[in-house]
Amino acid sequence: MLQFMQAGKIYRLRPVGSQTFAEGYLQDNCFYEGGAHHVGDVEPDGTFRYRVNLSDGTPKFPDHVAGHVAGLTLTRVDGTIFELVEQPA
């Protein structure tokens, strides 16, 4: 059975096969990075939009679409798969 993120809970991103977490976290379908900077969102259809631009002003990912969330898994457009791991309160 597919599990989903729960409201109010914090989920860290861990690349599959790694014990190290990536920078940032998801909470209430919002992605925060660099402390508490809101830089992305998970849309109702699971699309993960990362709203960060490169130094030349172009989006880091085309149309800001960085990947897709299904259950507790984020698959980035480059094929990297992250587990979304709930953090203790």
Side-chain angles (χ1 to χ4, degrees):
M1 185 169 87
L2 202 59
Q3 293 182 319
F4 296 95
M5 290 186 284
Q6 297 177 21
K9 304 282 183 176
I10 292 176
Y11 294 85
R12 300 275 317 272
L13 286 67
R14 182 171 58 204
V16 170
S18 175
Q19 294 302 314
T20 306
F21 288 99
E23 183 181 352
Y25 63 91
L26 283 159
Q27 183 177 26
D28 297 327
N29 292 324
C30 296
F31 183 66
Y32 298 90
E33 190 174 67
H37 299 286
H38 177 202
V39 295
D41 299 283
V42 178
E43 297 179 348
D45 68 355
T47 300
F48 176 53
R49 292 198 180 266
Y50 184 69
R51 302 182 196 293
V52 171
N53 293 330
L54 301 173
S55 60
D56 67 2
T58 61
K60 183 167 184 170
F61 296 96
D63 297 322
H64 296 287
V65 175
H68 189 267
V69 174
L72 295 177
T73 302
L74 165 63
T75 303
R76 208 165 56 186
V77 294
D78 67 4
T80 305
I81 299 173
F82 297 88
E83 298 174 88
L84 304 181
V85 181
E86 182 182 331
Q87 298 302 289

Starting from Leu74, can I reach Met5 by hopping between I/L/V/M/F/W/Y residues whose side chains sit under 4.5 Å apart?
yes
Quick one: do Phe21 and Phe31 end up in the same hydrophobic cluster if we chain Ile, Leu, Val, Met, Phe, Trp and Tyr together by side-chain heavy atoms under 4.5 Å apart?
no
How long is the straight-line distance from CZ of Arg12 back to CG of Leu26, given to the nearest 0.5 Å?
11.0 Å
Tell me, do Lys60 and Asn53 make a side-chain contact under 4.5 Å, heavy atoms counted?
no
Give a yes or no on whether the backbone of Leu84 and the side-chain of Glu86 come within a donor-acceptor separation of less than 3.5 Å.
no
Leu72, Ile10: one ILVMFWY side-chain cluster at the under-4.5 Å cut-off?
no
All heavy atoms of Phe61 vs all of Ala66, minimum pair found to be CD1-CB, 3.5 Å
Pairs meeting criterion side chain to side chain donor-acceptor pair (under 3.5 Å) with involvement of residues 22-34, two or more places apart
Glu33-Tyr50
Taking Asp63 for its side chain and Val65 for its backbone only, find out whether a donor-acceptor pair lies under 3.5 Å.
no
Counting N and O atoms only, with roles assigned by atom type, does the side chain of His68 sit under 3.5 Å from a partner on the main chain of Thr73, one being a donor and the other an acceptor?
no
Hey, mind stepping through Ile81 and Arg76 against side chain to side chain contact (heavy atoms under 4.5 Å, CB included) and telling me if it holds?
CA-CA 6 Å; Ile81 299 173; Arg76 208 165 56 186; over 6 Å; no
Minimum-distance pair of heavy atoms, taken over all atoms of Val69 and Gly71:
CG1-O, 3.6 Å
Pro15 and Ala22: which non-hydrogen atoms are nearest, and at how many Å?
CD-N, 4.3 Å
Side chain to side chain contact (heavy atoms under 4.5 Å, CB included) between Arg14 and Val85, worked out:
CA-CA 7 Å; Arg14 182 171 58 204; Val85 181; 3.6 Å; yes
Minimum heavy-atom distance between Tyr11 and Gln6, given as atom pair plus value:
OH-N, 2.9 Å
Please check: side-chain N/O of Asp78 versus main-chain N/O of Thr80, any donor-acceptor pairing under 3.5 Å?
yes
Joint cluster assignment, Val77 & Phe48, ILVMFWY side-chain distance < 4.5 Å:
yes
About how many Å separate NE2 of His64 and OG1 of Thr58, when rounded to the nearest 0.5 Å?
9.0 Å
